[in-house]
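Treat the numbers as computed from the prediction; the structure is a model and nothing was measured.
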Amino acid sequence: MIDIRGLREYPALVKELLGRRGVEDSVVEELAEVDSAFRDAVSARDELRSRVNDTSRRVAEAYRNKEPVEAERLKEESRRLGVDLDRITAEAAELEKRRREIWLVIPNLPSEEAPVGAGEADNVVVRYWSSEVGSSDVAPNLEYPDFKRVPHWDIGAELDIIDLERGAKLSGSMFPLYKGLGSRLIRALTSFALDEHSDAFLEIRPPTFVKRETMVSTGHLPKFADDAYQMERDDLWAIPTAEVPLTSMARDEILEADQLPLKMTAATPCFRREAGSAGRDTRGLLRLHEFDKVELMVYSTPAQAPEMHAEILRRAEGLLRRLGLTYRVLDLCTGDLGASSRRTFDLEVYAPGVDRWLEVSSVSWFGDYQARRANVRYRTEPGGSIEFVHTLNGSALAWARVIAALLETGREADGSVTLPAVLTPYLRGVTRIQRPDSEI
RNA sequence: GGAGAGGUGCCAGAGUGGUCGAAUGGGACUCACUGCUAAUGAGUUGACCUGGGAAACUGGGUCCGAGGGUUCAAAUCCCUCCCUCUCCGCCA
């Protein structure tokens, strides 16, 4: 949720910033109007309630003074006031509900630094990286031999490590099934990433299904309900990312300043319905209903946030570098920013087989938007004031697309796939995946 | 799933209809005493909403697991739900 006091004070600025991401002024104005009406109703309600409370106190007093007639008279007066109170309380409650409804679907104010743009095409490439030239402003050479121009679904079938047909048989399309070294590869990548982050990030294994309010806290509900899997009977929701449970860990809590920044990492499956993207990128591992991911998440003070944002990005990039994959960093424009985010950098890995840049991480700074929804605050100093924390997170990394890129990048002329050396210990010495019909 | 007990402030724990935002103890903070620490004494110490004020501060309201109900009045009575603990059953 945006800061509604900020809206009261600087409505023009709020409209300007939200306008950059395509929010109509009228929506913002409606929130301001309902907010104002709500506050009027609250004042009237509280004043009346004060009178009712006072009258009740005098009832007790009258009884103590042995004045039953006076007590009856006061009771009657209080009853009469109570009728009005009920009416105006209901009005206030209705206004509060409407205010919350609008408030919840208004996205976060984008950072002043986020590039202004309408959509994907306006995202800014911050840098490229490849193992040959390292970091660079210009795109690396994307020449690859023909034997690397094979899509990963063919490689996966050839090496018998990805079985999309069987996955589809069990659960439908976009639910992959990994076999043998394919399965071990996910395990290796997960262990590798968790180990890399273990110096500074507390490892968490959160629940995979969460309550509705947990989804609301991160901004995934109510607006994006169609994107999530729901267990209707228990009203539990399958997490689309570990961001969801991690961000709610400190829900309704007040943290101490010396606990911040609080850094956590978690490996979880992620579930996405991908409603509205039917038929797009559905082949292979490009877009899935279920995939595994290691997430980084931080609660910080506002002052620490920029540094944390940079650290998460650095760590996500670090993994890609150690895996030897070519990637680029995108600064998402205001039109492409996720609803809860103030600023986001996407990491896209180059997959030569499908000849595409694949998003494998999204590193976001949410300001206090999620913290306000989840009510996560901190005490600025012992005995000091209480403020909302800032939340940040990023994938490091989402494995399915990383695996696609690894298979395509690592493919050799003989059809085998060479794996990055950093994974060797996690694969008990395996350095390449051979065709099943070749010598072992 | 069945039976029972319970959920109160940072913690422990009283409170069974009005004077209870809530006793008491602990913790934390401030001051005094002390060469330092400890000990001692005094004081302070909740969150949220809304109004006034530049601010210090201050008026009103809400909150005793959550939501509903009874009543002039609810931490206290009633209903539903959630969670925790003990026992039984089942089970990876």
Problem - Footprint string (nucleotides 47-74 of chain B, 5' to 3'): B base within contact, S backbone only, - free, heavy atoms under 4.0 Å - result: SSSSS--------BSS---------BS-
For atom [atom1] of [X] and atom [atom2] of [N], their distance in whole Å:
X	N	atom1	atom2	answer
Asp234(A)	C81(B)	CG	P	15 Å
Asp258(A)	C29(B)	CG	P	12 Å
Arg58(A)	U19(B)	CZ	P	16 Å
Glu381(A)	U45(B)	CD	C1'	15 Å
Arg64(A)	G18(B)	CZ	C1'	7 Å

When the [atom1] atoms of [M] and [N] are compared, how many Å lie between them, rounded to an integer?
N	M	atom1	result
C49(B)	U86(B)	P	38 Å
G21(B)	G60(B)	P	13 Å
G61(B)	G7(B)	P	28 Å
A75(B)	A66(B)	C1'	15 Å
U45(B)	G68(B)	P	32 Å
G1(B)	C77(B)	C1'	31 Å
G26(B)	C87(B)	C1'	33 Å
G25(B)	A3(B)	P	42 Å

If we count only N and O atoms by modelled type, under 3.5 Å, do the side chains of [X] and [Y] hold a donor and an acceptor together?
X	Y	value
Asn108(A)	Ser340(A)	no
Arg205(A)	Thr208(A)	yes
Ser78(A)	Arg58(A)	no
Gln370(A)	Thr391(A)	yes

Exercise for the section: Indicate yes or no for a side-chain donor-acceptor contact from Ser50(A) to the backbone of Asp46(A) under 3.5 Å, with no hydrogens or angles considered. Expected result: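 A pair under 3.5 Å: no.
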Practice task
Decide whether a cation-pi geometry holds between Arg343(A) and Trp365(A); the criteria are a distance under 6.0 Å from NZ or CZ to the six-membered ring centre and an angle within 45° of the ring axis.
Solution key: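 Not flagged: Arg343(A) not positioned over aromatic ring of Trp365(A).
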Exercise for the section: Apply the test side-chain contact (heavy atoms from CB on, under 4.5 Å) to residues Arg251(A) and Thr214(A): give CA-CA distance (whole Å), side-chain angles for both, the deciding distance (0.1 Å), then the verdict. Expected result: CA-CA 9 Å; Arg251(A) 185 164 68 217; Thr214(A) 306; 3.2 Å; yes
Problem - Among Arg373(A), Met215(A), Gln230(A), the one residue meeting side-chain contact (heavy atoms from CB on, under 4.5 Å) with Leu221(A) - result: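 When Arg373(A), Met215(A), Gln230(A) are each tested with Leu221(A), the side-chain contact (heavy atoms from CB on, under 4.5 Å) holds only for Met215(A).
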Practice task
If the plane angle is over 60° it's perpendicular, under 30° parallel, otherwise tilted; pick one for Phe192(A) and Tyr426(A).
Solution key: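 Phe192(A) vs Tyr426(A) ring planes: perpendicular.
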Handout entry: Where RNA chain B forms stems, i.e. three or more consecutive Watson-Crick or G-U pairs with both distances under 3.5 Å
Key =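 Result, WC/G-U stems under 3.5 Å: B:1-7 with B:82-88, B:10-12 with B:24-26, B:27-32 with B:40-45, B:46-52 with B:57-63, B:65-69 with B:77-81.
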